[in-house]
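Order of listing sets the numbers, starting from 1, for every ligand and every atom in it. Note that the structure is a prediction, hence the values are computed from the model and not measured.
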Amino acid sequence: MFGKHLLGWAFNPQKCDNTFADWYYFCELGWAKIWAKQNLFLELTHIMTNFHSSQIPIAMTIAGSDSGGGAGIQADLRTFAFHCVHGTNVLTCITAQNTQGVTRVDAMSPESVTAQFESVMIDMRIGAIKTGMLLNQEIIKTVAKKLVAFGFGNVVVDPVMVSRTGAQLIDDEAIKTMRDVLIPLAAISTPNRYEAQILANMDIHTLEDMQTAAQNIYKLGTRSVLVKGGGMTGDLKAVDVWFDGDRLEVLQTEVIDTNHTHGTGCTLSAAIAANLALGKPRFQAVQEAKNYVTEALKYALAIGKGQGPVGHFFRQFKDEMQHLEIFA
Ligand SMILES: Nc1ncnc2c1ncn2[C@@H]1O[C@H](COP(=O)(O)OP(=O)(O)OP(=O)(O)O)[C@@H](O)[C@H]1O
Ligand SMILES: Cc1ncc(COP(=O)(O)O)c(N)n1
């Protein structure tokens, strides 16, 4: 009984309220104490298995691996964990990457992408999916086909096509497929400035441009769109524009003064997907995700020789770790 109550507290998403540290400490300390003092391990394992299948929300990321651990699948899974959402993943490519850039990319085959997707979908109840780096036209088409086959609509499409610095990451054919085939399947699309320029077919320099672009991209068929401002200048860096066919909203936070912004886009879309999996409405999911990214930027990690990653749960450990001087 005692074990049941403790597990209920530790893994109840309603009570979780972003306290990844609570969860961590519970596992590290609480669990060990229970084992040592009461020898209830087998009972707890049994309860946890039942709990897992019935109550923990599950999300999926379809994205690439970042060997440096700052973006891609690695950032997505950490973000899901912070939100107390179990993360599953479909790997689309493997990048050799660090804080200074990408030196090699190996694509997974469309057959592998299909197999990973089906394997998870037929077994678990997925609440929301996010897509990240899909790399090429074949993989984009494969993902779109599978989403349609499973009738899955709770999808956040982060159309990774152009980096925030303006470098094109996928070829023109793949961009066309992203625009014509995948974006129309999205519940929420989250283009950055340069991706929005391509999708909306216009230059973006001002807040008004971001608003017009959001309205144009909505016409592609996505059920809502968030044009992100990280690639803008000045205060607009922290401004995103939302349009869902009805509401045109400007989301603004403080600008965080850091160069260590690697993984912000991945983290934002993963946090939106986690919030959707937790059952939050779309606009609320986006608002809370933006606040989460802003917090993660405050605890960005000055690691490596280049642009370090955002700190996904370091806020929780700030008192213990401040002396290490790792934060940006
Ligand atoms: N310096 C900053 N201060 C506050 N918010 C920021 C800053 N930089 C980016 N953001 C926010 O981070 C989120 C991600 O936006 P961004 O435009 O950087 O996406 P992206 O280009 O896909 O990401 P990346 O740079 O990781 O490729 C947005 O909500 C944006 O407003
Ligand atoms: C594997 C992979 N996926 C995505 C991105 C973009 O990351 P972000 O836009 O969040 O910095 C990246 N650098 N690597």
- Could you tell me which residues satisfy side chain to side chain contact (heavy atoms under 4.5 Å, CB included) with Asp235, sequence neighbours excluded, listed by chain and number?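 In terms of side chain to side chain contact (heavy atoms under 4.5 Å, CB included), with neighbours along the sequence ignored, Asp235 is linked to Gln252, Val255.
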- Looking at residues at least two apart in the chain, or sitting in another chain, which of them share a side chain to side chain contact (heavy atoms under 4.5 Å, CB included) with Ala59?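 Residues passing side chain to side chain contact (heavy atoms under 4.5 Å, CB included) with Ala59: Phe80, Val85, Ala277.
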Provide the number and element of each atom of ligand 1 under 4.0 Å from a heavy atom of [X].
X	answer
Thr261	26 (O)
Ala238	4 (C), 5 (N), 31 (O)
Asn192	17 (O), 20 (P), 21 (O), 22 (O)
Val293	12 (O)
Asp240	28 (C), 29 (O), 30 (C), 31 (O)
Gly231	17 (O)

- Query: Between Lys290 and Asp240, is the closest basic N to carboxylate O distance under 4.0 Å?
  - Reply: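 Salt bridge flag = yes for Lys290 with Asp240.
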- Item | Electrostatic pair Lys228-Asp158, nearest N-O below 4.0 angstrom |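 So Lys228 pairs with Asp158 through a salt bridge.
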Of the choices [options], which has the non-hydrogen atom that lies closest to [atom]?
atom	options	result
atom 4 (C) of ligand 1	Glu254, Lys237, Glu195	Glu254
atom 14 (C) of ligand 1	Thr253, Thr267, Leu169, Thr264	Thr264
atom 16 (P) of ligand 1	Gly230, Cys266, Ala289	Gly230
atom 22 (O) of ligand 1	His262, Lys228, Met232	Lys228
atom 13 (N) of ligand 2	Gln97, Met133, Gln307, Gln74	Gln97

Would one find an N or O of [X], backbone or side chain, under 3.5 Å from an N or O of ligand 1?
X	answer
Gly265	yes
Leu268	no
Lys290	yes

- Proximity flag Ser65 to ligand 2, non-hydrogen atoms under 4.0 Å: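 It does; at least one heavy atom falls under 4.0 Å.
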- Message: Contact between ligand 2 and Gly263 is defined here as a heavy atom of the residue under 4.0 Å from a ligand atom; is it met?
- Response: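 Distance cut 4.0 Å: Gly263 passes for ligand 2.
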At less than 4.0 angstrom from any non-hydrogen atom of [X], what atoms of ligand 2 do you find?
X	value
Thr264	10 (O)
Gly265	10 (O)
His262	11 (O), 13 (N)
Gly64	1 (C)

- Between Tyr292 and His83, what is the ring plane arrangement, given parallel below 30°, perpendicular above 60°, and tilted in between?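 Aromatic pair Tyr292/His83 classed perpendicular.
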- Task: Check the hydrophobic clustering (I, L, V, M, F, W, Y; side-chain heavy atoms under 4.5 Å; chains of links allowed) and say if Val241 and Tyr194 are grouped together.
- Result: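 As far as the 4.5 Å side-chain criterion goes, Tyr194 and Val241 are connected within one cluster.
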- Kindly confirm or rule out an N or O of Cys266 lying under 3.5 angstrom from an N or O of ligand 2.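 Looking only at distances, the answer is yes, because the N/O contact criterion of under 3.5 Å is met.
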- Test the Arg247-Phe283 pair against the cation-pi criterion, namely NZ or CZ under 6.0 angstrom from the six-membered ring centroid and within 45° of the ring axis.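 That pair qualifies as a cation-pi contact.
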- Can you name the closest pair of heavy atoms from Arg223 and Tyr218 and give their distance?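 The pair with the smallest heavy-atom distance is O-CE1, 3.5 Å.
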- Message: Within the structure, is a non-hydrogen atom of Thr294 found at a distance of less than 4.0 Å from ligand 1?
- Response: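 The answer is no: ligand 1 sits nowhere under 4.0 Å from a heavy atom of Thr294.
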- Might you confirm whether atom CG of Asn201 has over 12 heavy atoms from other residues, nucleotides or ligands at distances under 6.0 Å?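 Counting neighbours around CG of Asn201, 12 or fewer heavy atoms of other residues, nucleotides or ligands fall under 6.0 Å, so no.
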- Determine the sole option in Thr267, Val286, Thr79 for which the side-chain contact (heavy atoms from CB on, under 4.5 Å) test with Ile272 is passed.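 The single option meeting the side-chain contact (heavy atoms from CB on, under 4.5 Å) with Ile272 is Val286.
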